[in-house]
Every structure is written in structure tokens, then in C-alpha cells.
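Chain identifiers are assigned alphabetically (A, B, ...) following the order of the sequence lines, protein sequences preceding nucleic acid strands; residue numbering begins at 1 within each chain. Since the model is a prediction, treat every value here as computed from it, not as a measurement.
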Protein chains: 2
Amino acid sequence: MNLRERKKQRTRDALLRAAMELFATRGYEETTVDDIAAAVDVSQRTFFRYFAGKEEAAFYVPRLAETQVVEAVRARPPGEAPLEALRRAVLESWDTISETIEEIVPVELHMRVYRVIESTPALLAAHLRRAAELEEELARIIAEREGLDVDADPRPRIVVALFGGVIRVTERLWSAGDDLSLEGMRQLTATYLDQVGPALAGNWRTGQSP
Amino acid sequence: MNLRERKKQRTRDALLRAAMELFATRGYEETTVDDIAAAVDVSQRTFFRYFAGKEEAAFYVPRLAETQVVEAVRARPPGEAPLEALRRAVLESWDTISETIEEIVPVELHMRVYRVIESTPALLAAHLRRAAELEEELARIIAEREGLDVDADPRPRIVVALFGGVIRVTERLWSAGDDLSLEGMRQLTATYLDQVGPALAGNWRTGQSP
DNA sequence: AGGCTAATGACAGCCACTGACAATTGACAA
DNA sequence: TTGTCAATTGTCAGTGGCTGTCATTAGCCT
């Protein structure tokens, strides 16, 4: 790697860290791009050469996680039922995700930024849009696994929509609660996915849930 | 109603219509607030006194529809299973929705704007955030119907997430296709909701779908 | 060493949005 | 009807995100 390349990498990292640190402490809206650039001692223009916008800095790490989930789903054996494949892929990819993150920024910082994302309207909106794109991708993968046409058969998109919905509900609960550990999230996700069947049963009065 | 009130109403209507017309023809990003204000011959500042931002103008009509759905769910008899109640409420509220819209703007204009919302990243993001808020509200209603605590029992949020997911999938398909009639949308929604059961079944090879 | 190219900074400008203040216009009572 | 009060609006100035342009700097390669 060149000196040039290394320098670029360092600038990018510094900008990312400074941005995340500022978002996490001061808040997203309260942080200006000038603040971030000043913290790294580069011009505002340089920031925009590395990130398309403030938003992109906030979502840099979450994007890594998404990529990993997609690949985990792709790697699932074709025999599994769709919902089962999705479930296992997510739970499994969280084992490796923290290491991936730690290579870039402290996981703890990521978690604090994640909370900011969930509690900042503009960021939450962007997050949901990304999630929708992810779902579309997953639907295609599922359809292919099952040898179906996504645009002709509604079922791939429906399972994925259901699955995505459950994930989002747990994300929200998790980020709002106190237990920010990965294990807590795993637990929550597993519990909620287990409730999918019962939730669809007609009669909810039979048997309460945790 | 005062002359003053009437004048305000007229200005608001004119701004809304001008905004929607411009969004639908020129596109959202390509329309500046100055354009909208100029079309109505008021100052830019006045626009911001009626709408919190460009976005709010785009979502003014869709918000009406959302309100109506929420009320339709509230009006459902308590005996129905949750998913059934949601299904009936949505299908039913679409009967009345076009009249409500027509009081404000031509339905055809609304449809064109809706397509713009679905195809403009910034607007789609905002739309999904609103949808998430709506789902939270519906989950609370469902929980109350069933005499449950939303924060203790996951099932209300899960059904609603599933339902919301299906709705969003159909919205997208509908807005991307050619048949922009309400009847087409009803049909699509009913079909997709009917596929929820089959989609969750383990084995998709038994019996193809339309 | 010196020319080439990529990265950066400085500057100007667009657009969404906000606060402050002055001018206008309808409402209402004397 | 007129004068006063309050609401509506326009103007102006300013902030922040973001982009294009151009000159300058700094690493690369012969």
C-alpha cells in the first residue's frame, strides 16, 4: 500500500471516528460537517470527498453488518425453510459481526451511534429505507433458493417482510433498553421470532407469552 | 368562517396544489420551495408558515388516508382475530378514502404524487418512517383490543409488522405497475394477505400461487 | 531532479430552513 | 366610519448541507 493510500485510509478513518464520536456525544443534528472536518483538521470539502454526506458517515458501520447478513443468508443450505434460513443466518452472523466492527471502530462507539440513529427522525428514516432495500435483496435470494420468480410469486417478499418487521421491532426494543450487549440482542431476536407462529394463531387467549 | 380564515384556507390549498402539481410533473428534488411560492405568488417565507417543509406538502394527503385506516381499525368488532381486523379495516377504508381525498385535490393528482414518493429516495425514507409510527399506533390498538400489554407481549407488534410489511409490498408493486385504480389495489392487497399463511408454511413446493 | 497526477484547500454559489422586524390587512369596538 | 389591535405577510439576514471550479500541494515514477 502506497503512502498516498495509507494517508487516505487514515483520513477516512479519522473522519469516520470523529463523526461517530460527535454524533454519539453531541447528537446528529447538533453536529455540523464543519465540526467534523475541524476535529480532523481538514477542510469541509475534503469531508465530502470521502462521504457523500453526513448520513453516510453515520451508516458506514451498519452497512458492514448488513452486508454480512446478506452473505450469511446466501450461505445457508438450500434445504432449510425460508424463515428458518433467515433466522439462522441472522443469529449466526452476529457472532462474527463485532469482530468486523472492531477493526474499524470500538464496538461500544458503534452502539452509541446506533442509539442515535434510532432516536433521530432523519436517521431513522434513512435506516428504514436501507432496510427496505435489504429486504428486496433478501427476497430475491429466497426466491432463487426456492426456484421462484419474485415478481410472480408473492411469498418470498412476504416472508422477508415478516422477518424484517420482527427484526426492526427487536432493534427498536433493544436500542431503547439498557442491555446493549450482543447476547441481549440475540436473545430478544430469538424470542420474537419464536412468537411469529403464536402471533398468527387466531386465538391469543390460549397461553400467555414471556 | 372569517374572510381572514377563508383567505388562509385558500392560500394553503393553493400552495398544496401547486406543490403537488410541481412534484408530479417536474419531480420532487427538481422543485424548489421558491418555485412553489412563486406559482402561488407568495413569498417563500409564507410557504414555511403553512408547511414545516417541502416534505410536509408531499405527505399532506397520504396523512389523511393513514388517519382513516387507524379509525377503521378502532371501529372493528373486538371478536375478530387481529390480522382479520386489520385486513377488513384496510380494505374497507379504501372505499371511503377517495372521496375524502377528492375534497382536497383530484385523486388522479394524488396518485401521481404517490408514485413520486415511492420513487424519490428522500420521500420514500420519510414515508417508511411514518409507516413505522403508524404501526406502533396500530400495535397499541391491537394490544388493547386483546387486553394485552404491548411492552410485555411481542405478539401485537409482530402481527402489525407482518401486516405492515405486506401492505408496503403491495404499495410498491401497485405504484410501479400500470393499474393505478383503487380496485387494482384492493385486489392486490387481498391476494397478498391471502398468501401470508402459505408463505409461512415450511414447504413452498406444494401448490403454486397466482 | 523534474514532470505527472491525485488529493486538498479556498472560494463562490444553490437550496432548505429560521429568526427578527417592519409593513399590511382584516376584525372589532367606539 | 374610523381608529385601534392583532394576525398575516414580506423582506432581510444568516446557518447548514452540499456541489462545481480552480489553483495549490504533495506523493509517484522515470
Side-chain angles (χ1 to χ4, degrees), chain A residues 1-16 18-23 25-60 113 116-117 120-127 129, chain B residues 1-20 22-23 25-60 113 116-117 120-127 129:
Chain A
M1 225 190 207
N2 272 343
L3 167 61
R4 192 126 84 186
E5 294 284 304
R6 266 179 284 136
K7 244 186 166 176
K8 275 209 302 185
Q9 190 63 44
R10 250 183 290 138
T11 308
R12 172 180 251 94
D13 284 5
L15 281 170
L16 183 61
M20 289 179 70
E21 201 68 60
L22 284 167
F23 294 162
T25 57
R26 199 184 299 179
Y28 180 75
E29 314 274 16
E30 290 71 29
T31 304
T32 71
V33 174
D34 286 310
D35 291 336
I36 302 168
V40 184
D41 202 51
V42 296
S43 71
Q44 189 219 48
R45 197 67 183 82
T46 294
F47 173 89
F48 284 111
R49 288 201 177 94
Y50 284 95
F51 300 94
K54 249 170 83 173
E55 237 182 61
E56 204 179 280
F59 285 108
Y60 189 91
V113 173
V116 173
I117 291 176
T120 305
L123 289 181
L124 179 57
H127 175 62
R129 202 195 72 218
Chain B
M1 226 192 206
N2 272 343
L3 166 60
R4 201 176 259 180
E5 295 281 306
R6 266 178 284 136
K7 245 186 166 176
K8 276 210 300 184
Q9 189 65 43
R10 250 183 291 138
T11 308
R12 172 179 252 96
D13 284 5
L15 282 170
L16 183 61
R17 253 170 247 226
M20 289 179 71
L22 284 167
F23 293 162
T25 57
R26 199 184 299 179
Y28 179 74
E29 314 274 14
E30 292 70 29
T31 303
T32 71
V33 174
D34 285 309
D35 291 336
I36 302 168
V40 183
D41 202 50
V42 295
S43 71
Q44 188 219 49
R45 196 67 183 83
T46 294
F47 173 88
F48 285 111
R49 289 204 176 93
Y50 284 94
F51 300 94
K54 250 170 84 173
E55 237 182 60
E56 203 180 281
F59 286 109
Y60 189 92
V113 173
V116 173
I117 290 176
T120 306
L123 289 181
L124 179 57
H127 175 61
R129 203 195 71 217

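- Heavy-atom distances to DNA chain C give each of Q44(B) and S43(A) a nearest nucleotide, and the one nearer the 5′ end belongs to S43(A).
- The side chain of R45(A) sits closest to dT19(D) out of dT18(C), dT19(D), dT8(D).
- A straight line from CG of D34(A) to P of dA10(C) spans 12 Å, rounded to a whole angstrom.
- Ranking dC15(C), dG26(C), dC17(C) by closeness to the L3(B) side chain, first place goes to dG26(C).
- Between T11(A) and K7(B), the residue whose closest nucleotide on DNA chain C is further toward the 5' end is T11(A).
- Using cut-offs of 30° and 60° on the angle between ring planes, the pair H127(B) and F59(B) is parallel.
- Side chain R6(A) to base dG27(D): no donor-acceptor pair is found below 3.5 Å.
- Y28(B) has its OH atom 12 Å from the C1' atom of dC15(C), to the nearest Å.
- Neither OP1 nor OP2 of dC17(C) sits under 4.0 Å from any side-chain N or O of K54(B).
- Put simply, CZ on R49(A) is 12 Å from P on dT21(D), counting in whole angstrom units.
- Here the P atom of nucleotide dG26(C) and the CZ atom of R10(B) are 10 Å apart, to the nearest Å.
- Of the candidates dG17(D), dG10(D), dT8(C), dT8(C) carries the atom nearest the T46(A) side chain, counting heavy atoms from C-beta on.
- Residue Y50(B) is classed as a sugar-phosphate contact, given heavy-atom separations below 4.0 Å to backbone atoms only.
- Atoms CD1 (I36(A)) and C1' (dG16(D)) sit 12 Å apart, rounded to a whole Å.
- As a whole-Å value, the separation of E5(A) CD from dT8(C) P is 11 Å.
- Note that the NZ atom of K8(B) and the CG atom of L3(B) stand 12.0 Å from one another [nearest 0.5 Å].
- A straight line from CG of D35(A) to P of dG16(D) spans 8 Å, rounded to a whole angstrom.
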Could you go through D35(A) and R26(A), starting from their C-alpha distance and side-chain angles, then the distance that decides it, and tell me whether this counts as side-chain contact (heavy atoms from CB on, under 4.5 Å)?
CA-CA 11 Å; D35(A) 291 336; R26(A) 199 184 299 179; 2.8 Å; yes
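- Once rounded to the nearest 0.5 Å, the distance linking OH of Y50(B) with OG1 of T11(B) reads 4.0 Å.
- When the P atom of dC4(C) is taken as reference, atom CZ of R4(A) falls 15 Å away, rounded to whole Å.
- Checking dG16(D), dC17(C), dG10(D) against the side-chain heavy atoms of V33(B) singles out dC17(C) as nearest.
- Distances shorter than 4.0 Å separate none of the side-chain N or O atoms of N2(B) from OP1 or OP2 on dG26(C).
- Counting heavy-atom neighbours within 6.0 Å of N2(A) CG, excluding the residue itself, gives a total above 12.
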